Amino acid sequence: MLAASRISGVLASPFRATTQKLAFMASSALIENPKYQFLKDLGLESVNNGVYNGTWSGSGDLISSVCPSNGSIIAQVRQGSVEDYEAAVTASNEAWNIWADIPAPKRGEIVRQIGDELRKNLKPLGQLVSLEMGKILPEGIGEVQEYVDICDYAVGLSRMLEGKVLPSERPGHVLLEQWNPLGVVGVISAFNFPVAVYGWNNAIALVCGNTLLWKGAPSTPLCSIATTKIVAQVLERNGLPGAICSLVTGGANIGEAMANDKRLPLLSFTGSTQVGKKVGVAVQERFGKHLLELGGNNAIIVAEDADIDVVIRASLFACVGTAGQRCTTTRRLIVHEKVYDEVLSKLVKAYSQVIDRIGDPLEETTLIGPLHSKLSFEGYLKAIEDAKAAGGKVEFGGKIIERPGFYVEPTIISGLPHDAPVVHRETFAPIVYVLKASSVEESISWNNEVDQGLSSSIFTQNLGNVFKWIGPKGSDCGIVNVNIPTSGAEIGGAFGGEKHTGGGRESGSDAWKQYMRRSTCTINYTRELPLAQGIKFE
């Protein structure tokens, strides 16, 4: 078992939700403000139970969810205790005995209904994502739509889960592969996609025949609760155990329990590389399976023949969208020296046109919302300080915005070496380092020299560059794009990265295989017993 001290406090995610019991005036919470009626429309209350295993409960700490755009308390949540977790795991295992016996297409029908229920709640749940996480409303709604889309995908998958029939070298024998569910799948998700990441895991794992136990980020507990309420409605309406999709909100103690629990054959973890490494070690020590979706230090390469106008439009959202808090955010812009000055000047101009559209993420005119927490604030300021100390020049931004909430200016920094420590360090904030390269080959080597390997992109009109980029000596990332930015992956492809990004794959393609176990089966339909490889034992 992994000593608790090794991951204590990290799985809790030290963001905005405090575990201290706070004096709380119900009338002052945003949930009591008619402007935020959508919170009650989602079934939320001033104080919410944070544990679901067929019934709602919670016996852990009382925490407050705080809105990053204004610093106000949204509502409170009673987190789960270790005892609550134990009850949830037991209930999930019992529910699996029922769920695994249901044919995959019928499981797909339940997932279809979950998708329909999400459609009905698309706007209010998207509004909650914006309010609690801080991303702008189109992104909040888009995140819920992503869950809907993966439900649609999973419905089709439920009728196409496949194995293989292979030629046997032995007469009268059949060799085939059989895929079966794992059991209870644990999911630990991060604050930046508080609904969609669970959705990827939930829809695919369900049609594969698994039940789930979810621990959302401690700083976005209301998103976890509202999403679970929607899913639970479908399960209960169909007479199925609610524990098929259990929820335990909590801190490090719950995360540690999940990492160390042999009853969770697979643990999907989304978060930082630092924490993911600890989780991976804990799961491996018990010979479990882990699916890690960790950090990214993503680069866009701009070749000398690139369409610069397309580069600028693509880079703007990739760099500043979600206030730089996507794991696929562009953090390095590697530009050929012949177009470097043009790209830099046009990017600065583009930034200047959106600086006045920073604000409340629920407002229609807002393009950039706040950072998620004070910790994000500190990381932003530290990166700028380190960049300046290393000789970097702030071309745009570089300051916090004095207003309630956690707002900062999107920032462009030039003049740094490609291998400066601050450039190689992922900072979860809207900071991009613009680097000058002499060739595509040099740019590719710089792209690959960082620890992470999540997303990457090249802008070029040269087919030779394209195939070099996607080939064996090109990008070493899990996502390798051409003439589109690093962010905005579709659900049809497998999502994930290499190296310190963790190697996990979620969403589309054959990512479903991570949620199942494969058995190679040999069936003898004769009375003869020939051995493979022609071995005689007579």
Side-chain angles (χ1 to χ4, degrees), residues 1-22 24 44-45 47-66 73-93 132-133 184-192 194-195 197-198 201-202 211-229 231-232 242-243 245-261 263-264 267-272 275-276 278-279 282-283 372-373 375:
M1 300 292 284
L2 184 68
S5 61
R6 291 174 62 183
I7 53 178
S8 179
V10 194
L11 294 177
S13 183
F15 292 107
R16 296 169 294 108
T18 175
T19 58
Q20 297 177 349
K21 294 181 180 179
L22 304 174
F24 177 69
L44 297 173
E45 301 173 303
V47 179
N48 302 271
N49 285 322
V51 177
Y52 179 76
N53 61 6
T55 58
W56 287 94
S57 63
S59 60
D61 292 332
L62 188 65
I63 66 167
S64 294
S65 176
V66 179
I73 292 173
I74 303 171
Q76 288 193 304
V77 172
R78 176 70 68 182
Q79 291 184 318
S81 63
V82 173
E83 291 74 22
D84 294 327
Y85 169 77
E86 288 293 330
V89 175
T90 299
S92 294
N93 268 301
E132 191 173 37
M133 184 275 151
V184 182
V185 171
V187 179
I188 300 176
S189 59
F191 75 85
N192 60 330
V195 171
V197 169
Y198 175 66
N201 285 277
N202 174 261
T211 58
L212 292 97
L213 194 153
W214 179 23
K215 174 191 176 298
S219 56
T220 54
L222 299 176
C223 286
S224 301
I225 292 168
T227 300
T228 299
K229 284 181 178 289
V231 174
C245 296
S246 294
L247 170 71
V248 182
T249 62
N253 57 341
I254 305 302
E256 289 164 8
M258 294 176 73
N260 288 304
D261 197 337
R263 294 169 295 179
L264 303 183
L267 180 59
S268 171
F269 174 85
T270 301
S272 71
V275 182
K278 298 176 187 296
V279 171
V283 175
H372 185 62
S373 68
L375 187 68

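What you see is a predicted model; the values in this text were computed from it and never measured.
- With rounding to the nearest 0.5 angstrom, the CG atom of Asn53 is 10.0 Å from the CG atom of Leu247.
- Under the 3.5 Å distance criterion, with hydrogens and angles disregarded, no donor-acceptor pair is assigned to the side chains of Ser224 and Trp214.
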Go through Asn192 and His372 one step at a time and tell me if the side-chain contact (heavy atoms from CB on, under 4.5 Å) criterion holds. CA-CA 8 Å; Asn192 60 330; His372 185 62; over 6 Å; no
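- Contact annotation: the side chain of Leu62 never approaches that of Val77 to less than 4.5 Å [non-hydrogen atoms, C-beta and beyond].
- The closest donor-acceptor contact from the side chain of Asn202 to the backbone of Tyr198 lies at 3.5 Å or more, if one exists at all.
- Nearest heavy-atom pair, Thr228 versus Cys245, reported as atom, atom and distance to 0.1 Å: CG2-O, 4.1 Å.
- Under the 4.5 Å side-chain criterion, counting only non-hydrogen atoms from C-beta, Thr211 is not in contact with Leu213.
- To the nearest 0.5 angstrom, Asn49 atom CG is 12.0 Å from Gln79 atom CD.
- The two residues Gly186 and Met258 make their nearest non-hydrogen contact at CA-CE, 3.9 Å.
- The main-chain N or O of Gly60 is found under 3.5 Å from a side-chain atom of Arg78 such that the two form a donor-acceptor pair.
- Between the side chains of Ser268 and Asn201, a donor-acceptor pair is found at a separation under 3.5 Å.
- Although no hydrogens or angles enter the test, the distance criterion places no donor-acceptor pair under 3.5 Å between the side chain of Ser65 and the main chain of Thr220.
- Trp56 and Lys229 get closest at one heavy-atom pair: CZ2-CG, 3.5 Å.
- Residues Ser64 and Gln76 approach most closely at OG-NE2, 3.1 Å, considering heavy atoms.
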Show the numbers, then the answer: is there a side-chain contact (heavy atoms from CB on, under 4.5 Å) between Val279 and Leu267? CA-CA 9 Å; Val279 171; Leu267 180 59; 3.8 Å; yes
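- Using a 4.0 Å cut-off between charged nitrogen and carboxylate oxygen, Arg263 and Glu86 count as a salt-bridge pair.
- Of the N and O atoms on the side chains of Ser81 and Ser59, at least one donor lies less than 3.5 Å from an acceptor on the other residue.
- For the pair Glu132 (side chain) and Cys223 (backbone), a donor-acceptor distance under 3.5 Å is present.
- Looking at every heavy atom in both residues, Ile63 comes nearest to Pro218 through CD1-O, 3.6 Å.
- Considering only residues two or more places apart in sequence or on other chains, Ala226 meets the side chain to side chain contact (heavy atoms under 4.5 Å, CB included) condition with Leu42, Leu44, Leu125, Leu128.
- Proximity of Phe269 to Val283: side-chain heavy atoms (C-beta onward) are nowhere separated by under 4.5 Å.
- Side-chain contact annotation: Asp261 with Tyr85, donor-acceptor N/O pair under 3.5 Å present.
- Looking only at side-chain heavy atoms (C-beta outward), Leu212 and Val184 stay at 4.5 Å or farther from each other.
- Side chain of Ser246 to main chain of Ala243: a donor-acceptor pair is present (N/O by atom type, distance under 3.5 Å, no hydrogens or angles).
- A side-chain donor-acceptor contact under 3.5 Å links Thr249 to the backbone of Gly50.
- A side-chain donor-acceptor contact under 3.5 Å links Asn48 to the backbone of Glu45.
- Between the side chain of Asp84 and the backbone N or O of Val248 there is no donor-acceptor pair closer than 3.5 Å.
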